2 protein chains.
Amino acid sequence: MNHPHGDEDETRRIWHDLRELVLGQDMRRAVADALGLSFNRAKALTYIDADGPMPLRALAARMFIDAPYATVIVDDLVKRGLAERTANPADRRSKLVHATAEGRRIAARAMHIQDTPPPGLAAATPEELAVLRRVADRLLKEVQGRDEGAADADGAPAHSRQPV
Amino acid sequence: MNHPHGDEDETRRIWHDLRELVLGQDMRRAVADALGLSFNRAKALTYIDADGPMPLRALAARMFIDAPYATVIVDDLVKRGLAERTANPADRRSKLVHATAEGRRIAARAMHIQDTPPPGLAAATPEELAVLRRVADRLLKEVQGRDEGAADADGAPAHSRQPV
DNA sequence: ACGGGTAGTTGTGGGGTTATAACTGTTGTG
DNA sequence: CACAACAGTTATAACCCCACAACTACCCGT
C-alpha cells in the first residue's frame with residue numbers, strides 16, 4: 001500500500017502535532033500587527049515576491065481564492081505601493097503582478113516573522129535537522145506536483161507551452 | 001547560546017517549509033465545507049472535545065480570541081446542539097463548556113479531516129517518524145510551557161491551586 | 001462588608017473573506 | 001469571421017472575525 005513502513009495512527013498523530021505547532025503560534029496576528037496588513041495581504045505579497053511576477057490567476061490558485069478576491073487583494077497592495085500590475089506580453093488578457101522595492105522590503109519582514117521557528121528547533125541535532133529537511137522536501141515536492149496542473153505559474157497561455 | 005548545533009538559516013528554511021506544508025493544504029475550507037461550520041467554530045469544538053470541559057476564558061486563551069468572541073462562538077455551538085454550558089462548582093462566575101454527544105461526533109470528523117497527513121508521510125521510514133515524533137514533542141512541550149501561566153485550563157480560580 | 005478585580009454576556013461597529021453575477025477585452029478554434 | 005472559452009474587473013451581498021465599551025454576577029483580600 002502507501003505505507004510500507006508506517007503505522008497509520010502514528011503518522012496521523014505526528015501530523016496533528018506538526019499542525020498544532022505551526023498553527024499554535026498566532027502568526028496571523030503577529031504578521032498583521034507588525035506590518036499593518038491583513039494576513040492574506042501579507043501572504044499574497046510574499047508569494048508575489050518569492051515566485052516572481054505572475055498573472056492574477058496563478059496567485060488566486062496558489063492562495064485558494066477566486067478571481068474577484070484576487071483583484072481586491074492586488075488592488076489593495078497596489079494602492080499601498082507594494083505591488084504593480086504590468087502587461088503580460090504573452091497574453092494581453094492577463095496582467096503580471098510584481099512587487100515594488102517597498103513591497104519586497106515588507107515581504108522580507110513578513111517572512112522574517114513567519115519563518116522564525118520556536119526556539120527549541122535550534123537545539124535540534126544536525127541529524128534531526130537533516131531528517132526534517134529530507135522529509136519536508138519530499139512532501140513539498142509531492143504536494144506541488146499534485147496541483148501543478150491546476151495552477152499555472154508562468155504567464156503564457158496553456159497552448160504555447162511544451163509538454164515535459 | 002540557544003543553538004549549540006544548528007545553523008540558524010537552515011532551521012529557518014526548515015520551519016518555512018514545514019509551515020508551507022501545513023498551510024498549503026487549505027484545511028480551513030475542507031473542514032468548513034465538510035461540517036457546515038466555520039473553521040473557528042470547528043476548531044473551538046475540537047478543543048472543547050479534546051481538552052474536556054473548560055471555562056470560556058481557557059477556550060479564549062487557547063484560541064487567541066477575546067471573551068466576547070468566545071461567547072459568540074459558544075453560543076453558536078450551543079444553538080447547534082454541539083456544546084453545552086454547565087455551572088462551574090469551583091467558581092460560580094464561570095461556566096464550563098463541554099461537547100455533547102453530537103458535538104463529539106462532529107469533532108471527531110473534524111480531526112479526521114485535519115489530521116490526515118499528505119500521503120507521502122506514510123512512506124517515511126520508522127527512523128524518520130521517530131525523529132519527527134521526538135522533535136514535535138520537544139517543541140510542543142516548550143510552547144505549552146511558555147504560555148501556561150496565561151491560560152488556565154482547569155476551572156478553579158488561581159488561589160485554590162497548588163504550585164507544582 | 002467594602003472595593004478591586006475577574007468571568008461572562010450583550011451590543012455596536014468596522015474590516016476581512018468569499019460566493020455570485022454581469023461585464024469587457026482577448027484568445028484560440030472551427 | 002463567428003463563437004466558445006478565458007483573464008480580469010466591478011458590484012452586490014452575505015457572513016465571519018474581532019475589538020471596544022458597558023454591564024451583571026461573583027470572588028477575594030483587607
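Letters A, B, ... are given to chains in the order of the sequence lines, protein chains preceding strands, and every chain is numbered from 1. Everything numeric here is computed off the predicted structure, so don't read it as measured data. Worth knowing before you read on, the calculation uses all heavy atoms, side chains too, and leaves out hydrogens, waters and symmetry mates.
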**Message:** Is it true that Ser94(B) and Arg57(B) share a donor-acceptor pair across their side chains at a distance under 3.5 Å?
**Reply:** no
**Message:** Can you tell me if Lys95(B) touches the phosphate of dA25(D), counting only side-chain N or O atoms and a distance under 4.0 Å to OP1 or OP2?
**Reply:** no
**Item:** Contact under 4.0 Å: Ser38(B) side-chain N or O vs dC17(D) OP1/OP2
**Value:** yes
**Prompt:** Nearest of dC26(D), dG8(C), dT10(D) to any side-chain atom of Leu56(B)?
**Reply:** dG8(C)
**Prompt:** Would you call Asp137(B)-Lys141(B) a salt bridge at under 4.0 Å N-O?
**Reply:** no
**Message:** For a quick test of reading the model: is some side-chain N or O of Asn40(B) closer than 4.0 Å to OP1 or OP2 of dC18(D)?
**Reply:** yes
**Prompt:** dC15(D) P sits how many Å from Asp76(B) CG, rounded?
**Reply:** 12 Å
**Message:** In whole Å, I'd like the distance from the CG atom of Asp33(A) to the P atom of dC18(D).
**Reply:** 11 Å
**Request:** Look at the side chain of Asp91(A) and decide which nucleotide, out of dC20(D), dT26(C), dG8(D), has an atom nearest to it.
**Result:** dT26(C)
**Message:** Assess whether a salt bridge exists between Glu84(B) and Arg104(B), defined as any Lys/Arg side-chain N lying under 4.0 Å from an Asp/Glu carboxylate O.
**Reply:** no
**Message:** When you measure from the side-chain N and O atoms of Arg41(B) to the phosphate of dC17(D), is any distance below 4.0 Å, counting only OP1 and OP2?
**Reply:** yes
**Message:** What contact category does Arg28(B) fall into here, base, sugar-phosphate, or nothing, at under 4.0 angstrom with non-hydrogen atoms?
**Reply:** nothing
**Message:** If you only use heavy atoms from C-beta on, which nucleotide in dG8(D), dT10(D), dC17(D) is closest to the side chain of Asp75(A)?
**Reply:** dT10(D)
**dT9(D) OP1/OP2 closer than 4.0 Å to side-chain N/O of Arg85(A)** = yes
**Message:** Taking 4.0 Å as the cut-off, does a side-chain nitrogen or oxygen of Arg29(A) come that near to OP1 or OP2 on dA19(D)?
**Reply:** yes
**Item:** Residues Asp51(A) and Arg62(A) bridged, charged N to O under 4.0 Å
**Value:** yes
**Request:** Find the distance Lys79(B):NZ to dC15(D):C1' and express it as a whole number of Å.
**Result:** 14 Å
**Asked** Out of dA7(C), dT9(C), dC6(D), which nucleotide sits closest to the side chain of Arg93(A)?
**Response** dC6(D)
**Item:** Candidates dT10(C), dC16(D), dT9(D) - which lies nearest the side chain of Thr71(A)
**Value:** dT9(D)
**Atom-to-atom span, CE of Met63(A) to C1' of dT18(C) - whole angstrom** = 12 Å
**same_hphob_cluster(Phe39(A), Phe39(B)) at 4.5 Å side-chain heavy-atom cutoff** = no
**Item:** Among dA19(C), dC6(D), dC20(D), the nucleotide that comes nearest once only the side chain of Asp66(A) is considered
**Value:** dA19(C)
**Prompt:** Of the options Ile48(B), Thr86(B), Asp91(B), which is the one that meets Leu96(B) in a side-chain contact (heavy atoms from CB on, under 4.5 Å)?
**Reply:** Thr86(B)
**Asked** Is it true that Arg80(A) and Asp76(A) have a side-chain N and a carboxylate O under 4.0 angstrom from each other?
**Response** yes
**Request:** Kindly calculate the angle separating the two end axes of the helix from dA1(C)-dT30(D) to dG30(C)-dC1(D), each obtained from five base pairs, and round it to 10 degrees.
**Result:** 30°
**Fill in**
Output for pair (Leu56(B) CG, Arg93(B) CZ), nearest 0.5 Å, gives 13.5 Å
**Prompt:** What is the distance, rounded to the nearest whole Å, between atom OH of Tyr69(B) and atom P of dT10(C)?
**Reply:** 17 Å
**Request:** Indicate whether OP1 or OP2 belonging to dG8(D) is found under 4.0 Å from a side-chain N or O atom of Arg92(A).
**Result:** no
**Request:** Can you tell me the distance, in whole Å, between the CD1 atom of Ile65(B) and the P atom of dT9(C)?
**Result:** 12 Å
**Request:** Indicate whether OP1 or OP2 belonging to dA7(D) is found under 4.0 Å from a side-chain N or O atom of Arg57(A).
**Result:** yes
**Asked** Taking atom C1' of dT17(C) as reference, at what distance in whole Å does atom CG of Leu37(A) sit?
**Response** 16 Å
**Item:** Distance, rounded to the nearest Å, where Ile73(A) contributes CD1 and dG8(D) contributes P
**Value:** 14 Å
